[in-house]
There are 2 protein chains.
Amino acid sequence: MGITKTIGFSEVVIEMADILKVLGHPARLSIMEYLANSPSCICNDLVEELPLAQPTISRHLSELKRVGLIQGQISGKNICYCINPKKWNKVLLHFKMITTSLSIKKQC
Amino acid sequence: MGITKTIGFSEVVIEMADILKVLGHPARLSIMEYLANSPSCICNDLVEELPLAQPTISRHLSELKRVGLIQGQISGKNICYCINPKKWNKVLLHFKMITTSLSIKKQC
DNA sequence: TTCCCATATTGCAATATTACAATATGTTTT
DNA sequence: AAAACATATTGTAATATTGCAATATGGGAA
């Protein structure tokens with residue numbers, strides 16, 4: 001099929017899985033890391049930074065935007081893309097939650 | 001194309017993206033959470049727990065195993081699947097690293 | 001206005017993913 | 001050995017994802 005079944009899963013899991021899936025691509029993960037590190041966050045830098053064509057990068061950016069991981073603001077001719085810290089922390093928190101459960105439990 | 005370009009990206013990013021992609025599915029994320037919380041970790045529980053058929057769950061388990069997030073040990077008739085804490089911590093660490101870079105940088 | 005520049009969108013073609021029925025494999029129980 | 005159980009594998013059909021060329025859009029510069 002290729003279609004992901006969502007009925008029977010909690011909303012939280014579905015949303016988190018969607019976010020992780022978006023993060024689960026070399027280009028998109030690189031974009032996140034680039035945005036986290038670079039002082040400026042102009043999109044055009046990415047076209048030179050990544051080994052992908054401009055339309056492809058644009059698509060990846062819009063996926064990141066769709067799940068709320070980044071937000072873009074028009075700044076004259078360019079667009080200033082930044083990480084959305086709230087969303088990012090939500091993901092981090094989810095990971096920490098699983099880690100806590102894991103550390104409590106004894107390994108088999 | 002459907003094929004993910006990897007040339008031009010670092011090995012670390014490629015591996016991490018692969019792991020996140022695997023985590024980015026409701027069934028697989030649920031499996032990780034179930035394994036983190038349940039004291040036992042027998043696979044057959046999952047068939048009752050998740051809204052998916054047994055072969056589908058088996059496939060998801062093998063994906064999680066492929067990237068090293070879980071490890072399975074045969075225990076008589078059953079298989080005991082557990083989270084691989086080392087791999088999990090590696091992922092968590094990567095997230096924390098990005099978070100650190102993010103917090104240092106000023107938002108635009 | 002016309003010409004650039006930065007970014008988005010569209011339209012493919014190729015490949016990947018997902019789900020499940022059917023079947024296979026291997027182990028314990030009877 | 002046969003039956004029952006747990007899990008894996010295979011085959012297949014439907015859908016999703018990816019990448020890029022071509023094109024569109026929209027702002028600033030000339």
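To find a chain, count down the sequence lines: A is the first, B the second, and so on, and within it residues start at 1.
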message: Heavy atoms only, 4.0 Å cut-off, all strands: where does Ser58(B) land among base, sugar-phosphate and nothing?
response: base

task: Hey, which sits more toward the 5' end of DNA chain D by its nearest nucleotide, Lys21(A) or Lys5(B)?
output: Lys21(A)

field: Integer-rounded Å distance: dT17(D) P and Leu52(A) CG
entry: 17 Å

- prompt: Is a donor-acceptor contact shorter than 3.5 angstrom present between the side chain of Gln54(A) and the base of dA8(C)?
  reply: yes

- request: Round to the nearest Å and state the distance from Ile70(B) atom CD1 to dT7(D) atom P.
  value: 12 Å

message: So, OP1 or OP2 of dA8(D): does either fall under 4.0 Å of a side-chain N or O from Tyr81(B)?
response: yes

query: If only side-chain N and O atoms of Asn44(B) are considered, is one of them under 4.0 Å from the OP1 or OP2 phosphate oxygen of dT7(D)?
result: yes

- request: Select from Arg59(B) and Ile57(A) the residue whose nearest nucleotide in DNA chain C is closer to the 5' end of that strand.
  value: Ile57(A)

- line: Rounded to whole Å, CD1 of Ile74(A) lies from P of dG28(D) at a distance of 10 Å

task: Report the relative orientation of the aromatic rings in His25(B) and His60(B); use parallel for angles under 30°, tilted for 30 to 60°, perpendicular for over 60°.
output: tilted

query: When the distance from CZ of Arg28(A) to P of dT17(D) is rounded to whole Å, what number comes out?
result: 9 Å

- prompt: Side chain of Pro55(B): nearest nucleotide among dT15(D), dT9(D), dT7(C)?
  reply: dT9(D)

field: dT7(C) phosphate, OP1 or OP2, under 4.0 Å from His60(A) side-chain N/O
entry: no

- prompt: Looking at dG19(D), dA6(C), dA21(C), which one has an atom nearest to any side-chain atom of Thr4(B)?
  reply: dG19(D)

task: Using the closest heavy atom to pick a nucleotide of DNA chain C for each, name whichever of Thr56(A) or Asn78(A) lands nearer the 5' end.
output: Asn78(A)

- prompt: Rounded to the nearest Å, what distance is computed from the CD atom of residue Glu63(B) to the P atom of nucleotide dA19(C)?
  reply: 12 Å

- request: Would you sort out whether Val67(A) and Lys21(A) count as a side-chain contact (heavy atoms from CB on, under 4.5 Å), showing the intermediate values?
  value: CA-CA 10 Å; Val67(A) 297; Lys21(A) 186 167 144 188; over 6 Å; no

- prompt: In whole angstrom, what separates Asp45(B)'s CG from dC5(D)'s P?
  reply: 16 Å

Closest to the Lys77(A) side chain, choosing from dA22(D), dG28(D), dA8(D): dG28(D)

Contact summary for Val13(B) and Pro26(A), nearest pair of heavy atoms: CG1-O, 3.6 Å

